[in-house]
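These figures come from a predicted structure and were not determined experimentally. Values reported hereafter were calculated over all heavy atoms of this structure, with side chains retained and with hydrogens, waters and symmetry mates removed.
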Amino acid sequence: MNHTIYTLLIFFFLAGCRENSSVSGWELTNKQGDLGNGYYLNPILSGDYPDPTILRDGEDYYMTHSCFDYLPGLVVFHSTDLVNWQPISFGLQTYLGSVWAPDITRYEDRYYIYFTVSNPRSNFVVWSHSPYGPWSEPIDLGIGNIDPCHIVGQDGTRWLFMSNGIRQQLTADGLAVVPGSQEKVYDGWAYPQEWVDECFCLEGPKLKYIDGYYYYLNAQGGTAGPPTSHMVVAARSRSIDGPWENSPYNPIVRTWNNTDRWWSKGHGSLVDTPQGEWWIVYHAYENGFYNLGRQTLLEPVEWTEDGWFKIPEGVRPDEPIAKPVVSEKQPGRRDRLGEFRIGLDWKFYKHYDPNRCRVNADTLTMKGQGDSPGTSSPILFVAGNHAYEVQVEIEKDPGTVAGLLLYYNSDFYAGTGFDSHRRYRYRKGQAAGRGAHTEGDGNRLWLRLRNDRQVVTGAYSYDDHTWYNEEWGMELSGYNHNTLYDFQSLLPALFVHGQGEARFKNLRYTLL
């Protein structure tokens, strides 16, 4: 088995690696994204990157995703080839509630991100003069429904298309809605009743004006539920006012069998290259690894003689595909050692205080918060791999508890931690003492978590040389949206709660 170890001075963001494994008959390579030979293998962003929305601006591409309960949120990624992506900014620092299905767009000299906040339900916008930020404070549009998409009509009017086939007119500056302009304009595509789905759930609209037609993409069938539920459908009209004609090639994207590698495929966005080729980005769960979250996939589309688009025959999202743009393979974000970029690579759960953390040389110092890991607002990153180990050295103040977790939400997490007297195991958000310290003053410990295809075990050390395995293990495949709801994923996390601070350093991430 191949082992790759990345040792960090501080912490880095990991995405784009795969381990050697075999799942349900698939021989998975240890590469994904750019393969370095003119081809790529999905996903282009591994791990929890749902509801992709994409914008081409000249030869540059920008993409963002739902951030749900993570802050800073609405991370903007940049690419020049649609395969290699780097985070460049974030659009949201204030917790408004769970953030769903954004839409990134450019209008004249401004960039906008429209997005939904779930509870209390409303839709917001942030804007900037550059995709690199800074982004404005969020502006509440005061309208319901979900999944806004910006589009401009033939007469220059600005619109938001929403879930359930509803649209609402925007003011000229795009920062408010025109009162009384809400109307239903589309009923969706009637798919066969015998298809196994979660719900009809007409949502995730994305519109493009192409060669005299407005093309109107929607997601249907439900976001999760059965693997065959989610799908991308298309309609078109000569006018922004409709009527909308459904595509004879619907569904454009769908999971057809429970044995497919990619499940619940939906929320598609069209994007073109400067050379006039067209592609679709969408999200999907990986079969057997729901708790990685919905990952971002990319496929080509071809245009038919009757002016529709579809996935070309023979293209499969689980096989290598020729890259959209000829380019060199770019170093992954994991290769930039010594960087600790909150908001780009690392994020907090629900509560973000930029004064809570500081970085000095090889140490991250984080203030304690709350009285448990669930109330501590841990700091997390997207791993995106099936099997790995995370290890960190922790030195803490008396009166604090610190540790290492796999975190789903404030009620469901698992991992290991310690106070000044004993170690703890966390399971289903509950702590259990696992033994008293036998060396040192109880305020310094090395901790390790191994996630081997959703089987999690722990270990500890007093010197980073001699390691002791904990006498517990857990299977965490049920920590996912289908069983726990909440649209979250299982992310490696560092936490500290109580009075005082903890100092984290020498984190190692090892692919198994």
(message) Suppose we screen for salt bridge (Lys or Arg N to Asp or Glu O under 4.0 Å). Which residues come up paired with D81, at least two apart in sequence or across chains?
(response) K323

(message) Applying ring-ring contact (aromatic ring centres under 6.0 Å, His included), can you list everything that pairs with W256, at least two apart in sequence or on another chain?
(response) W195

(request) Applying side chain to side chain donor-acceptor pair (under 3.5 Å), name anything that partners R254, two or more places apart in sequence or on another chain. (result) none

(request) Would you please name every residue forming a side chain to side chain donor-acceptor pair (under 3.5 Å) with K396, sequence neighbours left out? (result) S420, N443

(message) Main chain of S264, side chain of T255: is a donor-acceptor contact present, judged purely on distance under 3.5 Å?
(response) yes

(request) Please name all residues satisfying side chain to side chain donor-acceptor pair (under 3.5 Å) with T466, sequence neighbours left out, ordered by chain then number. (result) none

(message) Can a side-chain donor-acceptor contact be found between Y95 and D69 if the only test is distance below 3.5 angstrom?
(response) yes

(request) Could you grab the distance from atom OH of Y40 to atom CG of L298, nearest 0.5 Å is fine? (result) 3.5 Å

(request) Taking side chain to side chain contact (heavy atoms under 4.5 Å, CB included) as the test, write out the residues that go with L484, two or more places apart. (result) Y408, F412, Y479

(message) Run the ring pair (Phe, Tyr, Trp, His ring centres under 6.0 Å) test on Y282 and H267 for me, step by step, so that the C-alpha distance in whole Å, both residues' side-chain angles and the decisive distance to 0.1 Å come before the verdict.
(response) CA-CA 5 Å; Y282 61 90; H267 275 250; over 10 Å; no

(request) Return each pair, listed once, that meets salt bridge (charged side-chain N to carboxylate O under 4.0 Å, His left out) where at least one residue sits in residues 455-484; pairs must be two or more places apart or across chains. (result) R423-E470, D464-R508

(request) List in chain and number order the residues that pass salt bridge (Lys or Arg N to Asp or Glu O under 4.0 Å) with K265, two or more places apart in sequence or in another chain; answer none if no residue qualifies. (result) none

(message) Just to verify, which of L82, I104, D103 counts as forming a side chain to side chain contact (heavy atoms under 4.5 Å, CB included) with I54?
(response) L82

(request) Return yes if a side-chain donor-acceptor contact under 3.5 Å exists between N291 and S489, otherwise no. (result) no

(message) Quick check for you: to the nearest 0.5 Å, what is the distance between K347 atom NZ and F381 atom CZ?
(response) 11.0 Å

(request) Answer yes if the side chains of Y426 and S372 hold a donor-acceptor pair under 3.5 Å, and no otherwise. (result) no

(request) Would you confirm whether S136, through its side chain, and V126, through its main-chain N or O, come within 3.5 Å as a donor-acceptor pair? (result) no

(message) The criterion is salt bridge (Lys or Arg N to Asp or Glu O under 4.0 Å); which residues satisfy it with R358, sequence neighbours excluded?
(response) E501

(message) Check whether W472 forms a cation-pi arrangement with R427 (NZ or CZ under 6.0 Å from the six-membered ring centre, at most 45° off the ring normal).
(response) no

(request) Please check if atom CD in E319 has more than 12 non-hydrogen atoms from other residues, nucleotides or ligands closer than 6.0 Å. (result) yes

(request) Mind checking side chain to side chain donor-acceptor pair (under 3.5 Å) for D371 and listing every partner two or more places apart, or none if nothing turns up? (result) T375

(message) Going by ring-ring contact (aromatic ring centres under 6.0 Å, His included), name the residues that satisfy it together with Y61, two or more places apart in sequence or in a different chain.
(response) none

(message) Could you work out, with salt bridge (Lys or Arg N to Asp or Glu O under 4.0 Å) as the rule, every residue matching D419, not counting sequence neighbours?
(response) none

